Amino acid sequence: MTDRSTAADYLWLEKQYPFLMEAYCITLIQGLGPDALLKALGADPGERMTGVRALDGLAYGQVEDGERFVAATSIGDWTLMVEHNGYVGIADTIMLPISSGRTVVSHYCNVNAGDQFYWYQDGATRLHFEPGMPNRRDGGHPDGLLTEMEEAGFDLNDMDEDNLNRHTEAAFALAEHITGVRLTPELFASAEFTCGRVPDPLR
């Protein structure tokens, strides 16, 4: 996309979806539809829900021990997977195989403000870092997106307070830079999600 978003373009998330932003995992998967993704994750496609707000609380109240709740929707050639208090999208054992022949971008934050950003491609990790510490990067191409990271809102020179306050929103903007998929309030409100319960990758 030529008109690239920045962290400032994602400030609406904290205002409109505070419950999600307390602990989330957002994943974008190229070339794999929601039903196919759920099956690849070991889940049968389940109930349909409209809008991200409808997913509030389902991760806590409708899963058995050893399961994680995920919801997926199509956006063009991409599938958006949303997790409340989840981490399936950053589990290497799952996402590296799924990324074979395609691109997967995932970012995560937990209730303790621990965060992760992954760019998987063709079965390998191209970039991994903690959004709160963007100077510490690894993966096959750790410096391949320095310009895009700065454009998204990461400060790679001085860790000032504004950067630390906006690093979650910058992760959303960087995911857009990589995938071309812009997440908007309208999309979050109207998207039709297919839900599933997948085996917990940490069990």
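Not measured: the values here are computed from a predicted model.
Leu183 has its side chain within reach of Ile26: a pair of non-hydrogen atoms, C-beta onward, lies under 4.5 Å apart. Contact check for Cys25 versus Ser106: side-chain heavy atoms found under the 4.5 Å cut-off. Within the 4.5 Å cutoff, no side-chain heavy atoms of Met149 are placed close to those of His177. Inter-residue side-chain proximity for Asp9 and Arg4 is flagged as unmet; no heavy-atom pair is nearer than 4.5 Å. Looking only at side-chain heavy atoms (C-beta outward), Glu151 and Thr147 come within less than 4.5 Å of each other. With a 4.5 Å cut-off on side-chain heavy atoms, Asp122 and Ser99 do not count as touching. The shortest side-chain heavy-atom distance between Ile29 and Met81 falls under the 4.5 Å cut-off.
In the hydrophobic clustering of this structure, Leu55 does not group with Leu38; members are Ile, Leu, Val, Met, Phe, Trp, Tyr whose side-chain heavy atoms approach within less than 4.5 Å, directly or through other members. Grouping the Ile, Leu, Val, Met, Phe, Trp and Tyr side chains by contacts below 4.5 angstrom, directly or via other members, places Leu28 apart from Val104. Linking ILVMFWY residues whenever their side-chain heavy atoms come closer than 4.5 Å, directly or via other members, leaves Phe69 and Val198 in distinct clusters. Residues Tyr108 and Val111 are members of separate hydrophobic clusters, defined by side-chain heavy-atom contacts under 4.5 angstrom among Ile, Leu, Val, Met, Phe, Trp and Tyr. No chain of hydrophobic side-chain contacts below 4.5 Å, direct or via other Ile, Leu, Val, Met, Phe, Trp or Tyr residues, connects Leu41 to Val82.
Taking CH2 of Trp12 as the start and CD of Glu169 as the end, the distance is 10.5 Å to the nearest 0.5 Å. Atom CZ of Arg126 is separated from atom CG of Asp138 by 14.0 Å, given to the nearest 0.5 angstrom. Note that OG1 of Thr73 is 10.5 Å distant from CZ of Phe188, once rounded to the nearest 0.5 Å. Expressed to the nearest 0.5 Å, how far OG1 of Thr125 lies from CG of Leu96 amounts to 4.5 Å. Separation of atoms CD1 (Ile178) and CG (Leu127) is listed at 6.5 Å; rounding is to 0.5 Å. With rounding to the nearest 0.5 angstrom, the CD atom of Glu130 is 12.0 Å from the CG atom of Asn135.
The backbone N or O of Gly114 sits nowhere less than 3.5 Å from a side-chain atom of Asn112 that would complete a donor-acceptor pair. At distances below 3.5 Å, at least one donor-acceptor pair connects side-chain atoms of Thr79 with backbone N or O atoms of Leu32. For the pair Arg102 (side chain) and Gln30 (backbone), a donor-acceptor distance under 3.5 Å is present.
Using a 4.0 Å cut-off between charged side-chain N and carboxylate O, Lys39 and Asp44 make no salt bridge. Salt-bridge check for Arg197 with Glu47: passed, with a basic side-chain N closer than 4.0 Å to an acidic carboxylate O.
Scanning both residues, Ile90 and Tyr120, for their nearest heavy atoms gives O-OH, 3.5 Å. Residues Val105 and Thr103 approach most closely at CG2-CG2, 4.1 Å, considering heavy atoms. In terms of heavy atoms, Met21 sits closest to Leu13 at CG-O, 3.7 Å. The two atoms that bring Gly89 and Glu83 nearest to each other are N-OE2, 3.0 Å, heavy atoms only. The two atoms that bring Phe193 and Gly51 nearest to each other are CE1-C, 3.9 Å, heavy atoms only. Ala170 approaches Ala7 most closely through the heavy-atom pair N-CB, 3.6 Å.
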Just do the ring pair (Phe, Tyr, Trp, His ring centres under 6.0 Å) check on Phe172 and Tyr24 with the steps written out, would you? CA-CA 12 Å; Phe172 278 85; Tyr24 77 87; 5.4 Å; yes
Evaluate ring pair (Phe, Tyr, Trp, His ring centres under 6.0 Å) for His84 paired with Phe19, printing each intermediate quantity in order. CA-CA 8 Å; His84 282 265; Phe19 184 71; 5.4 Å; yes
Hey, mind stepping through Val52 and Leu187 against side chain to side chain contact (heavy atoms under 4.5 Å, CB included) and telling me if it holds? CA-CA 9 Å; Val52 171; Leu187 187 149; over 6 Å; no
Test Tyr118 against Phe129 for ring pair (Phe, Tyr, Trp, His ring centres under 6.0 Å), laying out the working first. CA-CA 7 Å; Tyr118 283 89; Phe129 67 97; 9.3 Å; no
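Judged by distance alone, the side chains of Asn110 and Tyr87 never bring a donor and an acceptor atom under 3.5 Å apart. Checked by atom type, the side-chain pair His107/Asp115 shows no donor-acceptor distance below 3.5 Å. Residues Thr50 and Glu192 have side chains that bring a donor and an acceptor to within less than 3.5 angstrom of each other.
Geometric assessment of Arg53 against the ring of Tyr17 yields a positive cation-pi assignment under the 6.0 Å and 45° thresholds.
Among Arg182, Arg166, Glu176, the one residue that satisfies the side-chain hydrogen bond (donor to acceptor under 3.5 Å, both in side chains) test with Tyr10 is Glu176.
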